[in-house]
Structures are given as structure tokens and as C-alpha cells.
Amino acid sequence: MLDRKLTRKDPEKVRKGVAARGVDFDIDGFLELDERMRDLIQETEKLKHRRNTVSKEISALKKQGADASALMEEMKENSGRIKETDGELKEMEERIAGLELGIPNIPHDSVPYGTCDADNPEVRRWGEIPELPEKPLPHDEIGEKLGILDMSAGSLISGRGFVVLRGDGARLSRALVSLMLDIHREQGYEELAIPYLVNRDSMIGTGQLPKMEEDMYHCEKDDLYLIPTAEVPVTNIYRDAVLDGENLPMKATAFSPCFRREAGSYGQETKGMIRVHQFDKVEMVRWTLPEKSYEDLEILLDDACAVLQALELPYRVIELCSGDLSFSAAKCYDIETWAPGSDRWLEVSSCSNFEDFQARRARIRFKREKGAKPEFVHTLNGSGLALPRIIVTIFELNQTPTGKIRIPKALVPYMGGQEYIEA
RNA sequence: GGAGAGGUGGCCGAGCGGCUGAAGGCAUCCGCCUGCUAAGCGGUUGUAGGGUUAACACUCUACCGAGGGUUCGAAUCCCUCCCUCUCCGCCA
């Protein structure tokens with residue numbers, strides 16, 4: 001959520017920011033509504049002021065045993081008016097708040113302008129892409145051959161977009177989670193184990209709702225949502241809190257499965273385990289001082305890259321252009337690994353600075369010192385990392401001519417000393 | 001799921017329908033006092049929104065879990081919901 005005062009004071013900035021994302025939003029209509037609401041506020045407050053003063057008069061009169069019925073009669077009418085204007089005001093507030101929740105964050109000044117992912121500039125690369133057999137196999141073929149990936153079992157028990165890992169495949173997945181959490185713990189993140197079902201307020205807090213409702217799994221009976229990322233429960237642990245500024249930045253990491261309906265994605269994208277409805281991910285979240293958040297974004301990015309370096313997987317970092325930014329982000333880097341069997345780069349992490357956009361929605365604040373006014377923190381998060389695509393990359397990049405998969409050295413201890421996955 | 005108890009300021013805790021933004025205590029900060037420590041004395045300290053101001057300030061409104069209702073007037077009465085605790089039931 002943007003600062004309403006900013007929208008009032010500098011509508012041009014908001015207009016430009018929103019336009020850079022390719023979003024059409026009627027700022028003028030919004031401001032007009034805002035203005036009308038403020039008029040209405042004044043009107044009701046005048047009436048309420050009258051009510052307060054006259055109530056005291058009535059009380060005084062009654063105490064003296066005098067007759068207050070004339071005033072009471074007047075107040076009856078006044079009360080009716082208050083009820084009316086209050087009702088109107090409430091309606092208007094809801095309308096404005098509804099509109100406001102639909103305004104995306106404004107891209108940071110450093111974000112390059114663009115309309116789609118083709119406009120995302122590459123920031124840097126790490127690692128060498130190794131020699132591979134003439135025709136590298138895609139991960140799903142490798143996995144099925146070795147009996148460690150079972151696509152048909154997934155669709156049998158749940159449907160399209162669900163996969164089953166078996167044997168060493170499942171163990172590899174578990175090993176990856178442990179390695180990632182250990183790395184982030186050493187980087188100073190507090191490890192959390194969090195709920196995978198959250199309430200609506202949490203989903204609004206981080207910005208998934210109301211915009212992305214169609215992409216979320218929802219349990220109607222209990223009005224709970226399956227989390228699309230651990231970002232939601234983790235960021236929301238400090239919803240409505242006032243943090244101690246001296247403790248910032250605070251940082252936490254958590255593993256969770258992620259549930260996404262992926263409404264509207266079809267075709268090649270969905271082949272194998274590249275895009276599935278449920279996947280595992282380790283996430284990092286940071287709560288930081290506003291003036292430090294862009295420094296923090298670079299650190300966060302490095303913290304995510306550290307995992308890929310430990311796994312010896314070559315990657316590139318790209319910066320999302322204005323038109324490709326997610327709803328809540330002010331700036332975002334994606335990290336991609338090379339999947340030779342699929343002949344493409346795969347996004348395995350997304351590191352974003354939300355500035356105070358989420359904090360404002362979730363009311364996460366801090367005080368610089370004891371008596372200071374509470375301010376909104378800046379929140380950031382990044383995947384560290386998304387599992388299935390890492391598995392895809394390991395399968396495809398580490399396949400040997402003899403049809404085995406080499407396990408990255410850092411992972412070997414987590415695999416009980418096993419160095420290869422073979423049939 | 002059933003029965004009961006409860007949700008008040010940073011914390012604890014009082015609160016007859018009007019004089020309660022809210023007693024009292026603790027804590028905070030400021031000053032006084034005490035040669036240190038402890039104690040004592042006086043004062044101070046919420047959040048959000050509106051108006052106004054260059055700004056300090058000032059002023060109004062709202063907020064006692066949330067939302068409704070009754071009333072001239074609600075922290076206080078009524079209803080609904082949420083949460084916490086205790087007991088019972090059910091279940092990994």
C-alpha cells in the first residue's frame with residue numbers, strides 16, 4: 001500500500017510509477033474520492049463535537065434537577081444525522097481502501113524501464129557451464145529413467161502439476177532443504193517453522209490479496225489460504241508489531257511447501273517439474289531500516305547466491321524491469337540457473353525490496369528509540385532457493401555420459417556420503 | 001465440538017450509563033534532593049485521522065479484542081464474531 005499522503009502530495013510520481021509497470025489506474029478519480037471523504041469527515045466530526053458538548057450540558061442540567069428535554073429532543077435529531085453521515089463515511093472509506101489495495105508499488109528510481117521479461121537486463125554471471133553429452137537429456141527423462149521422479153503417480157493421486165519424488169530423488173530434496181537452511185542460519189537468519197495455512201489478513205499484509213486471489217488455494221470452510229510462499233507467514237509474524245529499531249535488521253528463514261494454482265499457465269512451461277502446483281522452497285525475509293533497505297537487498301541477493309555457489313551451479317542474475325515487477329515489489333533481482341536439457345534459464349530465486357509497501361499493509365513498524373514516533377520498516381524477501389528447479393538443474397547439468405547424476409560436493413554429507421545417483 | 005472464565009494504555013490492574021483518554025501501581029523521560037548505592041519529592045510519557053501552521057504549537061474526532069444495537073449520552077447494557085485460558089469429548 002502506498003502512503004495516501006504521497007498520492008495526494010505528488011500524484012504525478014504515483015501516476016508515472018504505476019504507468020511504468022503498464023498498469024492503468026485512475027489517480028484523479030481516486031483523489032477526487034479522497035477529497036470528498038475528507039469533507040465528509042469534517043461534517044461528521046462537527047456533529048460529533050456538538051453531541052459531546054451537549055451531552056455534558058444535559059448531564060449538568062439533570063444534576064441540577066432542571067429540564068433537559070428540549071436539548072435531548074435536538075440531540076435525537078443530531079444522532080440521526082450522525083448515523084447517516086457515519087454510514088456514508090464508512091462506505092466511502094471501504095471504497096477508497098478497496099481501491100488503495102489495488103494500487104501496485106512504485107518502482108524504485110534505479111529500476112530499468114521495460115514492458116516484459118525480454119527487457120530485463122542481465123546483471124552478472126557466475127560459474128562455467130560444464131561439458132555435456134551431445135544431447136543432454138531433460139530432467140524428467142533422467143528422473144523417470146532412474147526411478148527417482150514419478151510424474152504419473154503425482155497426477156494419479158492429485159492431478160496435473162503434482163509430482164512424486166522417490167528414493168534418492170526424495171532424499172536429494174530433503175538434503176537440499178537442510179543444506180540451504182544451514183547456510184542461511186550461518187548467515188545469521190533465525191530459522192522458523194511456520195504454518196502453511198494462513199488467514200486473509202496475512203495474505204493482504206504481504207500483498208497476495210486481493211490482486212492474486214485466483215492464484216491461491218483457499219479452504220472455504222475455515223477461510224484459510226494455503227501459502228504460495230513462506231514469505232507470507234514469515235513476514236506476518238510481526239504484523240501489527242512495533243519493533244525495536246536497535247534490533248534491525250532482523251532476518252528469518254523458513255522452509256515451506258508452496259501452493260499455487262497457476263491459473264492460466266499451460267504448454268511447455270508445465271512440462272516435468274518446472275512449473276507445479278506444489279513445490280518446496282526455503283525463503284529468507286528481512287525487516288530493515290528504510291535508509292538501509294537497498295544495501296540489504298544486495299546482501300540478500302548474495303545470501304541467495306551463496307547457496308548456488310555451494311552447489312557449484314552456474315547462474316546469472318537479472319534485474320526485473322518496471323513492467324515485469326511483481327505487484328508489491330519496488331525492485332527485484334531474479335537468479336537463474338542454466339538447464340541444458342531444457343535448453344533454458346530457470347528462475348530459482350527472486351529477491352525483492354518492498355520498501356514500506358508490505359509494512360504499511362501489515363502495520364509493521366519500529367521505533368528508533370524509546371520515545372520516538374513509530375515508523376514503517378522496510379521488508380525484503382528472497383528465495384534461498386526454490387527446490388524443484390534446483391533439482392532440475394542438478395539432474396540436467398550433472399548428468400554423466402553413463403546416465404548417472406553427480407551429487408554436488410556440499411550435498412554429499414547430507415546424502416550419507418553418496419556421490420552419485422544411479423539406477 | 002461441549003461447559004465455564006476472560007480480553008482495558010509499554011506492562012500489571014481498577015472502573016455506579018454522564019464529571020473516564022481512562023483510578024492506582026510498575027516502567028519511561030525531565031527536574032529537585034541525597035558526596036556513592038538505595039530511597040524521597042514534583043512533573044512527564046499512547047495511536048490514528050481531520051483542520052490549521054513555514055515550523056514549534058494549537059484544536060477537533062475516533063480508539064478500553066472486532067463489528068453491530070439500545071440511549072440525548074456506552075469501556076460500562078444487549079447481540080454477533082474473533083482470540084486466550086481451564087475442564088470435558090474427539091484425534092494425529
Side-chain angles (χ1 to χ4, degrees), chain A residues 1-10 30-101 193-205 209 218-225 233 236-248 257 356-357 359-377:
Chain A
M1 194 158 60
L2 298 177
D3 185 354
R4 200 178 287 179
K5 282 179 186 151
L6 172 77
T7 314
R8 260 178 225 154
K9 229 166 94 184
D10 196 353
F30 177 81
L31 286 175
E32 202 186 303
L33 207 59
D34 177 62
E35 177 127 21
R36 269 199 285 153
M37 187 182 75
R38 278 181 294 157
D39 287 345
L40 202 58
I41 286 173
Q42 287 198 55
E43 197 182 327
T44 58
E45 290 195 348
K46 247 177 232 162
L47 290 170
K48 285 179 182 174
H49 180 55
R50 176 90 184 127
R51 177 179 69 188
N52 289 344
T53 50
V54 173
S55 278
K56 273 176 195 157
E57 284 170 33
I58 290 175
S59 162
L61 283 176
K62 285 204 161 175
K63 222 169 262 174
Q64 293 164 18
D67 176 39
S69 56
L71 279 178
M72 280 164 71
E73 203 49 44
E74 186 206 327
M75 278 305 99
K76 203 164 211 167
E77 207 186 303
N78 188 279
S79 272
R81 284 285 300 141
I82 288 177
K83 205 162 276 180
E84 269 171 47
T85 50
D86 256 352
E88 252 177 88
L89 193 59
K90 200 188 159 200
E91 214 173 283
M92 205 173 271
E93 260 165 1
E94 270 164 16
R95 260 178 77 192
I96 289 184
L99 285 174
E100 210 165 34
L101 285 177
I194 33 81
Y196 305 150
L197 288 166
V198 298
N199 56 32
R200 192 177 169 82
D201 282 348
S202 294
M203 293 289 274
I204 288 175
L209 294 184
H218 182 220
C219 307
E220 263 184 43
K221 243 182 185 161
D222 302 289
D223 196 23
L224 290 170
Y225 291 82
N236 275 284
I237 61 176
Y238 296 123
R239 177 148 48 86
D240 289 310
V242 179
L243 305 172
D244 185 346
E246 283 176 17
N247 294 337
L248 300 179
D356 65 4
F357 190 84
R360 204 173 279 284
R361 290 179 159 234
R363 295 166 303 277
I364 307 172
R365 297 176 298 171
F366 75 100
K367 284 187 181 177
R368 288 185 190 271
E369 55 216 50
K370 293 130 242 152
K373 269 228 173 273
E375 300 171 53
F376 289 109
V377 300

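Residue numbers start from 1 in every chain, and the chains themselves are labelled A, B, ... in the order their sequence lines are given, proteins ahead of strands.
- Inter-residue side-chain proximity for A:I364 and A:F376 is flagged as unmet; no heavy-atom pair is nearer than 4.5 Å.
- For the C1' atom pair drawn from B:G13 and B:G1, the interatomic distance equals 34 Å after rounding to whole Å.
- Listed in residue order, the members of residues 79-101 of chain A having a heavy atom less than 4.0 Å from RNA chain B are A:S79, A:K83, A:K90.
- For A:F30, there are no ring-ring contact (aromatic ring centres under 6.0 Å, His included) partners two or more places apart in sequence or in a different chain.
- For A:N52, there are no side-chain contact (heavy atoms from CB on, under 4.5 Å) partners two or more places apart in sequence or in a different chain.
- Rounded to a whole angstrom, the distance from the C1' atom of B:G25 to that of B:C63 is 24 Å.
- Taking every heavy atom of residues 42-56 of chain A and every atom of RNA chain B, pairs under 4.0 Å involve A:Q42, A:E45, A:K48, A:H49, A:R51, A:N52, A:S55, by number.
- The minimum heavy-atom distance between A:R8 and A:L31, with the atom names listed, is CA-CD2, 3.8 Å.
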With a 3.5 Å cut-off and sequence neighbours excluded, list the donor-acceptor pairs that the side chains of residues 92-101 of chain A form with protein atoms.
unit_1 : atom_1 : unit_2 : atom_2 : d
A:E100 : OE1    : A:R4   : NH2    : 2.9
A:E100 : OE2    : A:R4   : NE     : 2.9

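- Using atom P as the reference point in both B:U80 and B:C85, the two lie 23 Å apart (nearest Å).
- On the P atoms, B:C78 is 14 Å away from B:G7, given to the nearest whole Å.
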Where do A:D3 and A:K9 land on the salt bridge (Lys or Arg N to Asp or Glu O under 4.0 Å) test, with the steps shown first?
CA-CA 10 Å; A:D3 185 354; A:K9 229 166 94 184; over 6 Å; no
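- Map A:K373 and A:M75 each onto its nearest nucleotide of RNA chain B; the residue landing nearer the 5' end is A:K373.
- A:R8 comes within contact range of the sugar-phosphate backbone alone, with a heavy-atom separation under 4.0 Å but no base atom that close.
- Between the side chain of A:N236 and the main chain of A:S202, a donor-acceptor pair closer than 3.5 Å is present.
- The separation of B:A5 from B:A62, taken at their C1' atoms, amounts to 31 Å, rounded to a whole angstrom.
- A heavy atom lying under 4.0 Å from RNA chain B marks none of the residues of residues 239-248 of chain A.
- Distance noted for atom C1' between B:G10 and B:G69: 34 Å (whole Å).
- Chain A approaches RNA chain B over the interval B:G18 to B:G73, counting the first and last nucleotide 5' to 3' with an atom under 4.0 Å from its heavy atoms.
- For A:F366, there are no ring-ring contact (aromatic ring centres under 6.0 Å, His included) partners, not counting sequence neighbours.
- With P as the reference atom, B:C26 and B:G40 are 8 Å apart, rounded to whole Å.
- Residues passing the side-chain contact (heavy atoms from CB on, under 4.5 Å) test with A:D240, sequence neighbours excluded: A:R363.
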Run A:D356 and A:V377 through side-chain contact (heavy atoms from CB on, under 4.5 Å) and show every step you take.
CA-CA 6 Å; A:D356 65 4; A:V377 300; over 6 Å; no
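- No engagement by A:L71 is indicated, since no non-hydrogen atom pair under 4.0 Å with the nucleic acid exists.
- Residues A:R361 and A:G205 share a closest heavy-atom pair of CB-O, 3.4 Å.
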Could you give the side-chain donor-acceptor pairs of residues 76-83 of chain A under 3.5 Å, partners two or more places apart or in another chain?
unit_1 : atom_1 : unit_2 : atom_2 : d
A:S79  : OG     : A:M75  : O      : 3.4
A:R81  : NH1    : A:E84  : OE1    : 3.2
A:R81  : NH2    : A:E43  : OE2    : 2.9

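- Listed by chain and number, the residues in a ring-ring contact (aromatic ring centres under 6.0 Å, His included) with A:H49 amount to none (sequence neighbours excluded).
- Between A:K62 and A:M72, the closest side-chain pair of non-hydrogen atoms falls below 4.5 Å.
- Nucleotides B:U28 and B:C12 place their C1' atoms 15 Å apart, quoted to the nearest Å.
- With A:S55 contributing its side chain and A:R51 its backbone, the two residues share a donor-acceptor pair below 3.5 Å.
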Test salt bridge (Lys or Arg N to Asp or Glu O under 4.0 Å) on A:E74 and A:R50; report intermediate values, then the result.
CA-CA 11 Å; A:E74 186 206 327; A:R50 176 90 184 127; 2.9 Å; yes
Secondary structure of RNA chain B per the Watson-Crick/G-U criterion (both distances under 3.5 Å; [ ] crossing, | other strand, . unpaired) is ((((((((.[[[..)..(.....]]](.((((.......)))).)((((((......)))))).[[[[[..)....]]]]])))))))....
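- A:R365 comes within 4.0 angstrom of the backbone, heavy atoms only, and of no base.
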Determine, step by step, whether A:F357 and A:L2 satisfy the side-chain contact (heavy atoms from CB on, under 4.5 Å) criterion, reporting the C-alpha distance in whole Å, the side-chain angles of both residues, the deciding distance to 0.1 Å, and the verdict.
CA-CA 6 Å; A:F357 190 84; A:L2 298 177; 4.3 Å; yes
